[in-house]
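The structure appears below as structure tokens.
Values below: every heavy atom of this structure, side chains too, minus hydrogens, waters and symmetry copies.
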Amino acid sequence: TSTIRSIASITKLMTVMVVLDSNQSLTETIPKKLYNRKLTRETLIELAIVKSDNTAAKMLCEYYPGGIKSCIQAMNEKAKYLNMDTSVFTDPTGLFASNTSTAEDLVKLVMAASKYPIIVNASGKNSVRLETTKKKFLEFHNTNSLVKHGHHFFVSKTGWITKSGGCIVMMMDTIHGVRTIILLGSKNTKTRIPEAHLLSTMYLK
């Protein structure tokens with residue numbers, strides 16, 4: 001639990017938290033386009049959590065007060081505030097292998113993320129839909145396919161880069177109460193969900 005590992009897109013939970021901490025308007029439309037559309041900050045947050053969209057996460061930091069450098073600084077300051085003493089953040093997406101943490105620290109991250117209603121709401125969404133033209137939509141499904149099975153998730157975030165392997169963090173309601181699962185270093189994106197499901201069944205019986 002104290003082994004330092006790359007955490008890939010689990011990073012996005014910290015990105016979203018510091019953006020929410022900045023109290024910027026969630027309904028503000030960001031000037032830069034994504035999927036050929038100008039989107040609100042709230043939609044970018046949903047895309048970052050549900051789809052694990054790298055561009056959305058980067059845009060959130062680009063339009064953070066002071067830009068990406070200030071955003072990353074805030075992420076590391078937030079980690080210190082949460083006593084995530086072994087965690088380091090170097091980019092907002094998790095694509096950099098230098099975004100590292102431990103299972104112990106990630107429990108603290110998940111606990112903190114569960115205090116943000118927008119993160120809880122996004123974590124439980126099966127998909128995000130963007131209207132492209134009248135009656136036509138782009139639909140992006142949650143990277144955690146367990147969400148669609150009806151369990152109540154407070155926090156859910158997947159990740160994968162070569163250095164990290166498949167990983168997932170989730171806080172969910174079970175018959176034994178709220179439980180947090182941290183899975184790091186799975187072989188790939190196909191193995192992380194079955195392994196996480198196996199862990200979760202310990203609490204769902």
Just by distance, no angles: are the side chains of Thr158 and Thr143 close enough, under 3.5 Å, to form a donor-acceptor pair?
yes

State plainly whether one hydrophobic cluster holds both Leu26 and Ile49, where clusters connect Ile, Leu, Val, Met, Phe, Trp and Tyr through side-chain heavy atoms under 4.5 angstrom apart.
yes

Same cluster for Ile10 and Ile118 if Ile/Leu/Val/Met/Phe/Trp/Tyr side chains link at under 4.5 Å?
yes

Between Val50 and Asn126, is there a side-chain heavy-atom distance shorter than 4.5 Å?
no

Between Ala48 and Lys157, the two heavy atoms sitting closest are O-CE, 3.5 Å

Under a 3.5 Å distance rule, please check whether Arg5 uses its side chain to pair with a backbone N or O of Ala103 as donor and acceptor.
no

For Tyr116, is the OH atom crowded, meaning more than 12 foreign heavy atoms sit under 6.0 Å from it?
yes

Verify side-chain contact (heavy atoms from CB on, under 4.5 Å) between Val110 and Ile182, making sure each step is shown before the conclusion.
CA-CA 9 Å; Val110 170; Ile182 311 292; 4.2 Å; yes

With the side chain counted from C-beta on, respond yes when Thr27 and Arg41 share a heavy-atom pair under 4.5 Å apart, and no when they do not.
no

Can you confirm whether the side chains of Ser123 and Ser156 place a donor and an acceptor under 3.5 Å from each other?
no

Going hydrophobic residue to hydrophobic residue with side-chain gaps under 4.5 angstrom, can you get from Ile161 over to Leu184?
no

Audit row: Leu39, Ile30, side-chain contact (heavy atoms from CB on, under 4.5 Å) steps and yes/no:
CA-CA 6 Å; Leu39 304 172; Ile30 303 303; over 6 Å; no

Work out which heavy atom in Gly166 is nearest to a heavy atom in Trp160; give both atom names and the distance.
N-CD1, 3.3 Å

Please lay out, stage by stage, how Ser6 and Ser164 fare under the test side chain to side chain donor-acceptor pair (under 3.5 Å).
CA-CA 5 Å; Ser6 293; Ser164 70; over 6 Å; no

According to a hydrophobic-cluster definition based on side-chain heavy atoms being under 4.5 Å apart (Ile, Leu, Val, Met, Phe, Trp, Tyr only), do Met75 and Val107 belong together?
yes

Under 3.5 Å, is there a donor-acceptor pair linking the side chains of Glu28 and Gln24?
no

Apply side chain to side chain donor-acceptor pair (under 3.5 Å) to Lys108 and list each qualifying residue two or more places apart in sequence or on a separate chain.
none

Nearest heavy-atom approach of Arg37 to Glu131 is NH1-O, 2.8 Å

Under a plain distance cut-off of 3.5 Å, with no hydrogens placed, do Ser127 and Glu139 share a side-chain donor-acceptor pair?
yes

Kindly determine whether Leu60 and Ile45 satisfy side-chain contact (heavy atoms from CB on, under 4.5 Å), including the steps that lead there.
CA-CA 8 Å; Leu60 288 169; Ile45 288 172; 3.9 Å; yes

Heavy-atom pair with the smallest gap, counting every atom of Arg129 and Phe137:
NH2-CD1, 3.2 Å

Does atom NZ (Lys78) have a neighbourhood of more than 12 heavy atoms from anything else shown, all under 6.0 Å?
yes

Establish whether Val88 and Ile68 are linked, either directly or via other cluster members, by ILVMFWY side-chain heavy-atom contacts under 4.5 Å.
no

Value for NZ (Lys58) from SG (Cys71), rounded to nearest 0.5 Å, stands at 12.0 Å

Side-chain (Thr93) to main-chain (Leu95) donor-acceptor, under 3.5 angstrom
yes

Pick one: which of Thr180, Leu13, Leu183 meets side-chain contact (heavy atoms from CB on, under 4.5 Å) with Val169?
Leu13

Any chance you could measure Leu34, atom CG, to Thr43, atom OG1, to the nearest 0.5 Å?
10.0 Å

Can you tell me how far CG of Asn54 sits from CG of Asp91, rounded to the nearest 0.5 angstrom?
8.0 Å

Min side-chain heavy-atom separation Ile7-Phe89 under 4.5 Å:
yes

So, applying side-chain contact (heavy atoms from CB on, under 4.5 Å) with Met84, which one of Thr102, Asp105, Asn76 is it?
Asp105

Give the minimum heavy-atom separation between Asp53 and Ala56, together with the two atoms involved.
OD1-N, 2.9 Å

State which residues pass ring pair (Phe, Tyr, Trp, His ring centres under 6.0 Å) with Phe140; sequence neighbours excluded, sorted by chain then number.
Tyr35

Please determine whether a side-chain nitrogen of the Lys or Arg among Glu62 and Lys32 lies less than 4.0 Å from a carboxylate oxygen of the Asp or Glu.
yes

When you measure from the side chain of Asn99 to the backbone of Ala8, do you find a donor-acceptor pair of N or O atoms at a distance under 3.5 Å?
no

Considering only heavy atoms from C-beta outward, does the side chain of Leu109 approach that of Met17 to under 4.5 Å?
yes

Working to the nearest 0.5 Å, report the span between OG of Ser2 and CD of Glu104.
5.0 Å

d(Met172 CE, Phe154 CZ) to nearest 0.5 Å is 10.0 Å

Going by heavy atoms in the side chains, are Lys51 and Asn142 under 4.5 Å from each other?
no

Does the side chain of Leu146 reach to within under 4.5 Å of the side chain of Phe153, using non-hydrogen atoms?
yes

For the residue pair Ile168 and Ile181, establish whether any side-chain heavy-atom pair is separated by less than 4.5 Å.
no

CG on Leu44 to OG1 on Thr15, rounded to 0.5 Å:
12.5 Å

Taking Ser87 for the side chain and Ser101 for the main chain, is one N or O donor matched with an acceptor at less than 3.5 Å?
no

Restricting to salt bridge (charged side-chain N to carboxylate O under 4.0 Å, His left out), what partner residues turn up for Lys115, sequence neighbours left out?
none

Evaluate Val18 against Ile72 for side-chain contact (heavy atoms from CB on, under 4.5 Å), listing each step before the verdict.
CA-CA 9 Å; Val18 300; Ile72 293 170; over 6 Å; no

Looking only at the side chains, is there a donor atom on one of Ser52 and Ser9 sitting less than 3.5 Å from an acceptor on the other?
yes

Nearest heavy-atom contact between Lys12 and Pro92 is CG-O, 4.0 Å

